[in-house]
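Written below as structure tokens is the structure these notes are about.
Lettering follows sequence order; numbering is per chain, from 1.
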Amino acid sequence: MDYRGDTYYIKQVLAGKSEAYSHIVLRHTDNAFNLAFRICGRREDAEEVTQDSFVKAYRALGEFKMKSSFPTWLYRIVYNTSVSFLRSVKHEILSLEDFPAEAADFLSSGTPEEESETEYRKTLLNFAMQKLPPEDRAIVTLFYFEELPVEEISEITAISKSAVKTKLFRSRKKMAETIIKCESVKTV
Amino acid sequence: MADIENKEQEIFEKWLSPSMKEKAPVELPHKIMATIAMERRYSRGLSLTKREYAVPAGIVAVLALLAVVSLFAASDSGWLLPVAERITKLQNDISLQSLDHEFIKDVKIPSTVAYIAAAMFFLVFFDSALGRFFRRKAY
């Protein structure tokens, strides 16, 4: 188990020991990937964005002033990279018909095992999140999955605290509506 | 409306939690570090190119210095007068015999050719030494 803080490894990297960056990468890959995945919606895209974000962070490590925590700084890079990525690719507007058929079939197939139930929920949750604008997806991810306070989310996304709160409230409602619609489609 | 509120509550409790986080592929950290290693090699390559510029720059500087010295040496006055005198004396002492070959009738090679050849040899040697020095430093 590695108990040294990010600052220690950042100083090591800045002192020329670039292999110390692997500790930072190992520690934050899952969180960065989850944020990228929730914004982009596809694992392959999230992988590309995460990789890109870590390379950007490595290049800009000298500019990291340590005023905020390293994860906050990294999340900002992942957020900006994800949003730019979505702008660069053709953004598809999802409809209920896009909801994976196998996930719908699954629910109507009697008594699902717990693992499959989780997979189904993940698929449906991802679908519901993709119906939100990219900024809102990031806000929901950072608040519920990463459990960050509104102040930090505001710093990462450069959206005011009150706007973050409003977006959270609206996103929850919208996601619930989408999920209810999906489940009603599947039961028909 | 009540349906939406209930579903919303369910989403908070069961769906939107850290346990539902999407895990990164196991090989992703290795892929990232491989990209970083390539990045390092690339930036090292860039600095090598910059260093390589130093070799011709160094040669130009040395040549310019030699040219300035020769100008001062040629003049009658100035702080390089003793040097100029010494060079003139050296030239007199090593006055090379003009080459006069039977088979190249009426062609006389001036004695300065030997100096030019020596200078060229020196510059080639100097260039290769500088090149080796900077390349070693760059790696």
Considering residues, nucleotides and ligands other than Lys56(A), do more than 12 of their heavy atoms fall under 6.0 Å from its NZ?
->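 Yes - once you tally the heavy atoms of other residues, nucleotides and ligands closer than 6.0 Å, there are more than 12.
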Under 4.5 Å from a heavy atom of chain A, the part of Met33(B) involved | side chain
So, Asn34(A) side chain and Glu22(B) main chain: donor-acceptor pair closer than 3.5 Å or not?
-> yes
Sidechain-backbone polar pair: Asp30(A) side chain, Lys23(B) backbone, donor-acceptor under 3.5 Å | no
Shared ILVMFWY cluster between [X] and [Y], side chains joined below 4.5 angstrom?
{"X": "Trp73(A)", "Y": "Leu14(A)", "answer": "yes"}
{"X": "Phe122(B)", "Y": "Ile116(B)", "answer": "no"}
{"X": "Val164(A)", "Y": "Phe169(A)", "answer": "no"}
{"X": "Tyr21(A)", "Y": "Leu26(A)", "answer": "no"}

Counting only heavy atoms closer than 4.5 Å, note whether Glu47(A) contacts chain B via side chain, backbone, both or neither.
->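 The answer is both parts of Glu47(A).
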In terms of heavy-atom proximity below 4.5 Å to chain B, should Phe37(A) be classed as side chain, backbone, both, or neither?
->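 Looking at Phe37(A), just its side chain touches chain B.
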Supply the atom-to-atom distance [X] [atom1] to [Y] [atom2], rounded to the nearest 0.5 angstrom.
{"X": "Glu19(A)", "Y": "Ile36(B)", "atom1": "CD", "atom2": "CD1", "result": "12.5 Å"}
{"X": "Phe33(A)", "Y": "Ile32(B)", "atom1": "CZ", "atom2": "CD1", "result": "10.0 Å"}
{"X": "Thr35(B)", "Y": "Gln51(A)", "atom1": "OG1", "atom2": "CD", "result": "3.5 Å"}

Give me the atom names and distance for the closest heavy-atom approach of [X] to [Y].
{"X": "Tyr144(A)", "Y": "Pro18(B)", "value": "O-CD, 3.7 Å"}
{"X": "Pro29(B)", "Y": "Thr29(A)", "value": "CG-OG1, 3.8 Å"}
{"X": "Met175(A)", "Y": "Leu16(B)", "value": "CE-CD2, 4.1 Å"}

Decide yes or no for Ser22(A) and His30(B): does some side-chain heavy atom of the first lie under 4.5 Å from some side-chain heavy atom of the second?
-> no
